Amino acid sequence: MVSEGGAGRRRRTLRAELALKTLQAEPGSRERLHSVIELALVFSGAVVAAVYAPEEDDDRLTLVESAGVPRILYGLRDSYPLADGSPALDAYRLGQPQWLGPEELAVSPDTRRTSMGDFWLAAVPLPPAPRDGGCLLAVSDSPGGFDIEDRQCLRLLAEAMVCPESARPPPQDAEDDLPRSSFSLAMDTGRVEVDDETLELFGIGREDFDGKVETLLGMTVPEDLPSLMSVVEADHMSTGDRELEFRIRRPSGEQKWLRLRGRLLIAGDGGPDRLVGTVADASKLRSGVNEVARVQRLAAALATAGTVRDVSQAVVTALRQPLLADRIALAELEGDRLVVTVLDPPEPEAWPALWRSEWRSEWPDAPVRTMPTLAAALREGRAAIWPAGTPLEPALADVGPGGLAVLPLPAGGHMAGACLIGWDTPRDFGPDERALLTASAGLAGQALMRAHAFDAEHELVGTLQRTLLPRRLPTLPGAVAVARYLPTTAGLEVGGDWYDVIPLPDNHVALVIGDVQGHNAGAATLMGQMRTALRAYAVEGHPPDVVVSHANRLLVDMETDLFATCAYVDVDMEEGMAWCVRAGHLPPLLRHPDGSTEIVVTEGGPPLGVVTQADFPMTGIPLRPGALLALTTDGLVESAELDLEDGLRRMADQMAASDPAHLGLVADALLTYANRSDDVALLLMRYDGMALRPERESWTVWRVPQAVGHARRFTKRTLRAWDVTQQTDAILLVVSELVTNALVHTDGQVRLDLTLINNRFRVAVADISPRTPIKPTSIGWEATGGRGILLVEALSAAWGTVPVSGGKQVWSEIALD
């Protein structure tokens with residue numbers, strides 16, 4: 001019953017908090033500020049983030065630090081005068097975050113001149129706000145922009161950003177100090193717009209440049225031209241960011257290394273429009289710090305990666321773009337099989353045919369024996385790089401026709417998995433890249449083993465908890481119920497939340513939800529015991545207040561230090577009436593058929609296990625067809641940032657805006673704001689009403705000599721009133737046998753209940769004896785008793801016995817034609 005729709009949302013904020021705690025840089029330093037900005041890129045999905053602070057004269061916001069793609073591509077300026085208007089200034093002045101979409105940005109003078117298509121801008125004030133700390137600007141080009149979790153992460157990280165005093169006025173970062181310029185290449189005409197800085201890098205004067213891209217390509221060293229063409233030709237260029245280093249020969253004869261960063265923009269018809277980006281002097285960027293910084297960033301990302309999936313994503317993020325790889329895969333080694341956890345790109349068509357033939361649900365599961373080259377690399381435990389043209393088996397050759405790197409991932413003396421990196425165009429591997437690959441492999445292997453152990457333990461805890469909850473919910477007459485359970489993501493603790501749906505006689509159903517104090521094995525064990533006890537008391541036929549009272553006395557007698565809260569709702573499907581009993585638990589929420597919602601005001605008693613003699617009053621809740629009843633635990637509506645009352649009102653508002661026709665989608669939507677530091681249980685029931693209501697009659701059998709005859713006459717009158725003319729002799733014989741057995745073998749009151757629904761006639765006889773009738777295995781011709789139950793079995797379509805309020809009820813159903 002676990003919903004993945006919400007399982008990973010709150011987890012990202014928790015990891016961002018953990019990542020902040022692992023930062024080693026001194027608070028208030030530029031190094032720490034840059035690290036926090038990079039965390040903002042990782043945890044919010046932003047493509048660029050920049051921090052601005054007020055200058056000493058307080059007349060403008062000036063750039064302090066930035067990370068990500070070049071900010072000029074999205075119109076982010078170096079400074080914003082306070083006299084002007086902009087999202088950064090609004091956030092700075094008001095102390096409130098600003099979230100702007102493409103429509104709002106279309107009227108901004110800074111962004112409306114950009115050519116990056118639709119994107120979203122976040123402006124978050126820095127503490128102390130307003131008008132002291134500064135502002136964080138972040139840009140997202142993901143569909144839909146910054147979601148709720150992205151915004152929470154940005155707020156969290158903005159609170160941790162402190163601008164160093166030495167940064168006013170700010171020096172540019174290492175790359176921004178260098179001569180850089182932007183360019184725009186029209187893919188259909190080959191015309192390129194560049195500024196004087198770009199021409200200076202190529203050694204060309206403005207008067208000597210004809211505006212054609214071929215002029216610049218002609219200056220490229222022939223060996224580097226194929227790689228450069230793969231970037232600037234529309235047939236080979238893919239959407240997204242690309243980075244490339246290449247050599248040119250300037251008119252003076254000097255050879256120069258340049259670094260190009262570009263992005264292909266798509267036209268309205270879906271075809272390539274323009275390539276935009278920047279060019280820099282790569283020789284000044286090659287200080288050796290880049291590879292070290294990348295390894296450090298990967299180590300920081302892996303330190304906060306809790307699952308195998310997170311580790312894989314961190315490796316892909318750290319390696320694919322810096323290495324300009326066309327595809328990258330990371331896999332765990334399980335026996336002789338390579339179980340791939342992440343493929344980038346994820347489309348099956350981008351990978352070899354053998355991998356597609358081995359596709360298992362979401363990812364492929366490839367046997368290592370089909371790839372001897374990979375098997376040899378895993379045995380040797382060293383990174384292996386094969387250039388273009390190397391004869392490899394088909395399963396690997398198509399991964400990197402222009403070059404393939406295989407990184408075994410060592411961990412604790414054995415191989416945890418492998419990382420495959422492939423290029424489509426010929427690729428030369430320098431010593432810096434080889435060092436980066438080797439260092440990354442060691443970090444990823446250790447992180448993979450830690451994450452695998454965490455996943456295994458978390459799955460064990462989850463399996464234990466799921467075994468204590470219903471495997472599936474029963475089909476209900478006149479209603480539909482769904483349930484969701486989310487275990488806490490805070491460590492490996494076992495929670496005590498539970499739910500249950502219990503079918504009861506006479507078209508009643510009991511909805512139960514509860515929460516045992518604590519998060520440990522004792523709480524989980526007690527949760528299982530309480531769920532079993534409540535179900536047993538309910539099936540015995542006790543009214544709701546008695547069921548909860550019995551459970552309370554049981555928990556008190558167990559002499560445990562724990563207590564539990566519980567909400568028990570008995571719903572009469574025929575009458576459309578629910579009776580609620582609360583033991584220290586949250587009240588139910590009700591959505592009426594017209595869409596209005598309410599937090600149901602109900603009386604309540606103390607939590608279970610606190611007071612031996614406690615009153616648990618019942619509250620009636622009328623239900624109309626189409627009504628939606630919700631029971632939940634506090635993990636869904638309460639957290640450190642949210643009061644219980646506000647959480648209940650928010651949940652009621654969500655229910656009002658939902659469509660109860662799709663109950664599973666409603667449950668998943670309600671879990672969006674779940675507090676993942678606590679486990680969460682949610683139970684929803686939509687009351688539809690019974691299309692066909694049964695006919696019912698009851699008769700109290702007096703202990704007189706003519707008692708069986710009276711029961712038969714009552715049954716005949718009922719059959720005539722209900723116009724039942726078939727199987728009357730069988731029905732009367734079953735009544736005679738069941739009433740006779742109850743009078744002969746028990747004491748006290750006997751009650752006869754008759755029910756007719758869907759061409760089934762039900763005879764039920766209740767008495768105060770808990771002993772069930774025993775069907776004889778054999779009867780001799782001289783026996784004087786024991787044939788009654790055999791007759792009942794022969795005449796019934798089904799028969800049985802159930803406990804009822806300290807006694808039992810023997811029932812028989814007879815099918816009518």
Side-chain angles (χ1 to χ4, degrees), residues 9 12 37 40-52 61 63 66-81 84-126 134-155 157-158 182-188 193 234 237-242 261-278 317 321 345 657 669 672:
R9 302 184 62 85
R12 205 157 14 110
I37 294 175
L41 296 178
V42 171
F43 290 105
S44 71
V47 295
V48 60
V51 169
Y52 295 81
L61 290 179
L63 179 70
S66 67
V69 303
R71 60 185 179 278
I72 59 174
L73 298 179
Y74 294 94
L76 301 189
R77 289 192 268 169
D78 291 338
S79 64
Y80 294 91
D84 295 346
S86 71
L89 296 173
D90 291 341
Y92 172 68
R93 293 192 189 100
L94 302 175
Q96 297 293 330
Q98 308 292 312
W99 314 100
L100 287 82
E103 296 79 7
E104 296 91 343
L105 295 175
V107 299
S108 171
D110 294 325
T111 58
R112 67 188 178 192
R113 293 191 298 269
T114 65
S115 53
M116 300 305 293
D118 288 347
F119 60 91
W120 286 255
L121 179 68
V124 185
L126 304 186
C135 178
L136 166 67
L137 292 184
V139 174
S140 173
D141 56 6
S142 302
F146 296 103
D147 61 21
I148 295 175
E149 186 75 3
D150 296 333
R151 299 184 181 189
Q152 290 177 346
C153 289
L154 285 176
R155 290 192 188 98
L157 295 169
S182 60
F183 68 90
S184 177
L185 170 63
M187 305 304 294
D188 55 346
E193 298 177 7
M237 180 63 180
S238 60
T239 58
D241 299 320
R242 299 298 297 270
R261 290 180 177 176
R263 168 171 291 193
L264 183 67
L265 303 182
I266 301 303
D269 59 359
D273 183 13
R274 286 177 299 109
L275 176 67
V276 297
T278 60
T317 301
Q321 183 174 342
T672 301

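Throughout, residue positions are numbered sequentially from 1 according to the sequence presented. No experiment lies behind these values; they were computed from the predicted model shown.
Among all heavy-atom pairs drawn from Ser142 and Ser140, the shortest one is N-OG, 3.3 Å. Taking all atoms of both residues into account, the shortest heavy-atom contact from Ile37 to Val51 is CD1-CG2, 3.6 Å. Closest heavy-atom contact between Ala158 and Leu126: O-CD2, 3.6 Å. Here the shortest heavy-atom pairing between Ser86 and Tyr80 reads OG-CD2, 3.6 Å.
In this structure, Trp99 and Val124 have side chains that are in contact, with non-hydrogen atoms separated by less than 4.5 Å. When side chains are defined from C-beta on, Trp120 counts as touching Pro102, because their heavy atoms get closer than 4.5 Å. Contact of the Phe183 side chain with the Leu275 side chain is registered, since non-hydrogen atoms from C-beta on lie closer than 4.5 Å.
In this structure, OH in Tyr52 is found 10.5 Å from CG in Leu89, a value given to the nearest 0.5 Å. To the nearest 0.5 Å, the span separating CD on Gln152 from CG on Asp147 amounts to 9.0 Å.
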Leu63 vs Leu76, test: side chain to side chain contact (heavy atoms under 4.5 Å, CB included). Steps then yes/no. CA-CA 10 Å; Leu63 179 70; Leu76 301 189; over 6 Å; no

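Pro345 pairs by the side chain to side chain contact (heavy atoms under 4.5 Å, CB included) definition with Arg320, Arg327, Glu347, Ala350, not counting sequence neighbours. By the side chain to side chain contact (heavy atoms under 4.5 Å, CB included) test, Ala123 is found to be paired with Pro87, Ala91, Gln98, Cys135, Leu137, residues two or more places apart in sequence or in another chain being considered. Under the side chain to side chain contact (heavy atoms under 4.5 Å, CB included) criterion, Ala40 pairs with Leu154, Leu157, Met161, not counting sequence neighbours.
In this structure, the side chain of Arg151 engages the main chain of Phe146 through a donor-acceptor pair within 3.5 Å.
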